[in-house]
There are 2 protein chains.
Amino acid sequence: MVTVHDVARAAGVSISTVSRALTAPEKVATATRERVTAAADALGYLPNRAASGLRAGRTRTVGLLVPDLSNPYFAAVAKGVAQRARGHGLGVFVVDSEEDPALEAELLRSAVHQTDGVVLCSPRAVLEDRDVLGTKPVVVVNHRTARTLSVGSDGAGGVQLAVEHLHALGHRRIAYVGGPARSWSDGQRRAGLTAVGARLEGLELVPLGPFRPDVDGGHEAAGVVVASGATAVITFNDLVAVGLVRRAAALGVQVPQDLSVVSFDDTFVATLTTPPLTSVHTDLRELGERATDLLVQALGPAPAEPTGAPGQPEADPADPADPVLVPAELVVRGSTAPAPTPSVPRAAASASRRDDA
Amino acid sequence: MVTVHDVARAAGVSISTVSRALTAPEKVATATRERVTAAADALGYLPNRAASGLRAGRTRTVGLLVPDLSNPYFAAVAKGVAQRARGHGLGVFVVDSEEDPALEAELLRSAVHQTDGVVLCSPRAVLEDRDVLGTKPVVVVNHRTARTLSVGSDGAGGVQLAVEHLHALGHRRIAYVGGPARSWSDGQRRAGLTAVGARLEGLELVPLGPFRPDVDGGHEAAGVVVASGATAVITFNDLVAVGLVRRAAALGVQVPQDLSVVSFDDTFVATLTTPPLTSVHTDLRELGERATDLLVQALGPAPAEPTGAPGQPEADPADPADPVLVPAELVVRGSTAPAPTPSVPRAAASASRRDDA
DNA sequence: GGCACATGTGCAAACGTTCGCAGCGACTGT
DNA sequence: ACAGTCGCTGCGAACGTTTGCACATGTGCC
C-alpha cells in the first residue's frame with residue numbers, strides 16, 4: 001500500500017506538504033504542487049479514507065437509506081444520489097431497511113454515525129430520534145419534518161396538470177385513487193386536488209382510497225372507480241393504474257374510450273402497457289441529485305461541527321423545513337381521450353355554471 | 001461522540017478490554033464482558049468505523065460496482081448484496097459506473113482500495129488490472145475470469161428448460177434472439193442451446209443476433225424471427241420480448257397463437273404485458289447473496305493479507321474460476337401455447353425420427 | 001539596512017481503534 | 001509447597017492522515 005510517506009520521498013518533500021498539495025492546493029507553491037501530484041499518480045497513490053476520516057473528523061461519505069433497493073422508484077433515486085455524490089467526491093454508503101420501521105430507525109442511527117450525513121428516502125418510521133437528528137445533517141425525501149431538510153416531488157402541481165389535461169378533454173367528474181394514508185406524497189396530491197377543484201369550476205372531484213400502491217390496489221380500486229361515475233381517474237402510481245386498467249377491462253369498461261387514466265411516477269411500466277399510460281412524470285434521478293446537493297450544502301464549509309444546528313444555508317430565505325420541490329410534468333400517452341359523449345349534458349351544465357362566474 | 005474510553009470508564013476497565021469484549025468476546029471473562037456490553041449500550045456506543053478500519057487494516061465494508069443502479073436487474077442484485085452484507089455485519093459502498101468501461105476501471109480501483117473486497121456486476125470493461133485484482137478479493141457477477149471468483153445465473157440450464165417446454169408443446173423450430181456479443185450470459189445461453197439441440201432430436205434451433213437487450217432490440221428482431229419460420233422464440237430478456245411481441249402483432253403475427261415467446265430474467269415486466277410472458281426466472285437477490293457469501297468466504301478468517309492469493313476456500317475441490325451457478329426455473333404464463341397446426345407435418349416427421357433413436 | 005510581513009515548508013501531535021507483549025493472580029500436578 | 005501453566009487484563013505502540021504551530025526564506029517599506 002502506497003502512503004503519503006512514499007509520495008513525499010519520491011517528491012522530495014515532507015508528508016505535510018503532500019497532504020496539503022492534495023487537499024488544499026492553494027497552500028502550496030505551484031512548482032512543489034506539481035512535483036507532488038506527479039509523484040502521486042506515478043506511484044498510483046490513493047489516500048486512505050479511513051485514516052483521513054479519522055483525523056479530519058469527516059468521512060467524505062454520505063449514507064443512503066431506502067426502504068427497498070429493488071423497487072425501481074428508489075433505485076432511480078439512488079442512482080441520482082450516487083451520481084451526484086461522485087460529482088462531489090463523496091462515497092455512498094447504502095442501506096436497505098426492508099420496509100421495516102424498527103430496522104429503519106436502527107440503521108439510520110448507525111448510518112448517521114459513520115457518515116457525514118444521510119439521505120433518508122420515504123421514511124416508514126416516525127423520526128423523533130432527537131440525538132440522531134441533531135448531530136449530523138439528514139435530508140429526507142418525500143416527507144416533511146420540522147427538524148430536517150427535505151425534498152419531494154411536486155405532487156400538488158402534478159395533480160393540477162393532470163386535472164387540467166382531463167378538463168381540457170371534457171371530463172368533469174374525475175376520481176383520485178389515493179395511496180397509503182400516512183404518505184406525504186398522497187397528502188400533497190390531495191391538497192393539489194382541492195386546490196384545483198377550487199380554481200376550475202364545474203368540476204367534481206372524487207377522492208378515493210387509501211389503496212395499496214401496487215397492482216392489487218388497482219384491482220380493488222377498479223370497482224369503486226367505475227361505480228363512482230367518473231369518466232376519468234388519476235392513480236397514485238403506475239402499478240395501480242395497471243391493475244385498474246386490467247380489472248376495468250374485465251368489467252367491460254374500456255380505456256381510454258370509456259375511462260381516461262392518468263397515473264403518477266411515469267416509470268417505464270407506463271410505456272409497456274396497452275394502451276401506454278398518460279402519466280405525471282417526476283425525474284427521480286433529479287430527486288436524488290437535489291437531495292444530495294442539499295446535503296452537501298448542509299455539510300458545507302464547516303469542517304466538523306460537533307453539535308448544534310447543521311449549517312444553515314445563509315442566503316436562503318425559505319423555511320428549511322419546506323421541502324424543495326422537484327417539478328412534475330405531464331406525459332400524454334394513450335390512456336386519456338376526450339370524455340365519452342354521454343357526459344355532454346353534465347359538461348353543458350358545468351359550462352353554464354362557469355358562465356355564472 | 002462516545003468512544004471506547006467512555007465505555008471503559010463506565011465499566012471500570014481499560015480500553016483494551018472494551019475493545020476485546022466487543023470484537024473478540026471469547027477472550028474476556030464473562031462477568032467483565034457483560035459489564036462492558038451493558039455500559040456500551042447504556043451509553044449508546046458505536047465503534048468508529050474509520051478508526052477501527054485504520055488500525056485493523058480491514059474496513060468491514062464491501063464495495064458494490066454496477067453499470068446502472070436504476071436498472072431493475074442490478075437493483076435486485078444490489079438488494080441481495082446489501083441484505084447479505086448486513087447479515088455479516090458489513091457495510092456496502094455502492095458505486096455506479098454509468099455503463100462506461102473507462103469509468104468502471106477507475107472506480108473499481110478506488111472501490112477496491114477502500115473496502116475489503118468488491119462485488120463487480122456484469123463488467124463492461126475487460127478487467128486486466130493485475131495489481132488491482134491481486135490485492136483484494138473480487139467477486140464477479142455474470143462473467144468468467146481466470147483471476148477472480150464469480151457467480152452467474154444458470155443460463156444454459158434455463159435455455160434447456162425453455163426448449164423442453166416448447167418441445168413439449170409441439171414446437172420443432174425454435175429461434176433464439178441473442179443479446180450483446182461479448183456477454184457471458186449470452187454465451188452461456190448459446191452453449192445451452194447447442195447442448196439441448198444435441199440431446200433432443202428433430203429439433204431445429206435458429207440462433208439469431210446479436211440484438212440490443214432492450215425494447216428496440218425486440219422491435220428489430222421481430223422481422224427476422226418471423227422470416228425464420230420459427231414457431232417459437234426465446235429472447236435474451238423481458239424487454240426484448242416486449243418489443244418483439246409488439247412488433248410481431250403489427251406484422252399480423254399473434255402471440256401465442258402464431259408464435260410462442262419465452263423470455264429471460266422474469267422481471268416484473270413479464271407480468272405486466274398482454275399476454276404475460278412465460279419467462280426463465282433467476283432469483284437475482286440470490287445472485288447478489290451468493291456473490292456476497294463468496295466474498296465473505298474469501299475475506300475469511302485471514303485478518304489482513306497484504307498480498308498473495310486471496311484466501312482459498314480449502315475444502316472446495318471445484319475450480320474457483322468456475323462460476324457458482326444460481327439455478328434457473330421456468331415460469332409458465334400466457335405467451336406460450338401449442339405449436340400452430342400447420343407445423344404438424346414437421347412435428348410428425350421429427351417424431352418418426354425420434355423413433356429411430 | 002533593519003523591521004514587519006507574507007509565503008512556503010517541516011515537525012509533531014492528535015484522531016479512536018486494535019493487538020502484541022507482559023504482568024498478575026489462580027489453579028494444577030508432583 | 002513450588003514451578004509451570006493458563007486465563008484474564010492493562011500498557012502502549014502502531015495504523016495513515018490532517019493541521020496548529022514554528023521556522024526559514026524572500027519581499028516591500030520607511
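Protein chains get the first letters and strands the later ones, always in sequence-line order, with residue 1 at the start of each. Just the heavy atoms: all of them, side chains too, but no hydrogens, waters or symmetry mates, feed the values below.
- Atom CG in B:Leu54 sits roughly 7 Å away from atom P in D:dG16 (whole-Å rounding).
- Taking 3.5 Å as the limit, the base of D:dT18 and the side chain of A:Arg55 contain a donor-acceptor pair of atoms between them.
- Counting to the nearest Å, the C1' atom of C:dT17 and the CG atom of A:Asn48 are 13 Å from each other.
- The distance from atom CG of A:Leu22 to atom C1' of D:dG16 is 13 Å, rounded to the nearest whole Å.
- Of the residues in residues 36-46 of chain B, those placing a heavy atom less than 4.0 Å from an atom of DNA chain C are B:Tyr45, in numerical order.
- What separates CZ of B:Arg49 from C1' of D:dC15 is a distance of 18 Å, to the nearest Å.
- Nearest heavy-atom pair across B:Pro137 and B:Asp116 is CD-O, 3.6 Å.
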>> Within the 4.0 Å limit for protein heavy atoms, which parts of nucleotides 5-10 of chain D are touched? Write it as a string from 5' to 3', B for base, S for sugar-phosphate only, - for none.
In response: ---SBB

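- Here the side chain of B:Arg109 pairs a donor or acceptor atom with the backbone of A:Gly44 at under 3.5 angstrom.
- Shortest non-hydrogen contact noted between A:Val92 and A:Ala82 is CG2-CA, 3.9 Å.
- Put simply, A:Ser19 has no side-chain N or O that comes within less than 4.0 Å of OP1 or OP2 on D:dT17.
- A:Asp6 has its CG atom 14 Å from the C1' atom of D:dC15, to the nearest Å.
- Under the side chain to side chain donor-acceptor pair (under 3.5 Å) criterion, A:Thr115 pairs with no residue, sequence neighbours left out.
- Looking at B:Asn48 and B:Met1, their side chains come closer than 4.5 Å, going by heavy atoms from C-beta outward.
- Looking only at distances, a side-chain donor or acceptor of B:Thr292 sits under 3.5 Å from a matching main-chain atom of B:Gly288.
- Between the NE2 atom of B:His5 and the C1' atom of C:dG16 there is a distance of 7 Å, rounded to whole Å.
- Rounding to whole angstrom units, CD of residue B:Gln114 and P of D:dG16 are separated by 15 Å.
- Under the side chain to side chain contact (heavy atoms under 4.5 Å, CB included) criterion, B:Glu106 pairs with B:Leu103, sequence neighbours left out.
- A:Asn71 is linked by a side chain to side chain donor-acceptor pair (under 3.5 Å) to nothing, counting only residues two or more places apart in sequence or in another chain.
- Candidate nucleotides D:dG16, D:dT18, C:dT17 were compared by shortest atom distance to the side chain of A:Ala51, and D:dG16 ranks first.
- A:Arg35 places a side-chain N or O within donor-acceptor distance of the main-chain N or O of A:Ala11, the cut-off being under 3.5 Å.
- The end-to-end axis angle of the helix from C:dG1-D:dC30 to C:dT30-D:dA1, rounded to 10 degrees and based on five pairs per end, is 30°.
- Using a cutoff of 4.0 Å between basic side-chain nitrogens and carboxylate oxygens, A:Asp293 and A:Arg290 are not scored as salt-bridged.
- Remark: side-chain polar atoms of B:Asn142 are not paired, donor with acceptor, to backbone N or O of B:Ser122 under 3.5 angstrom.
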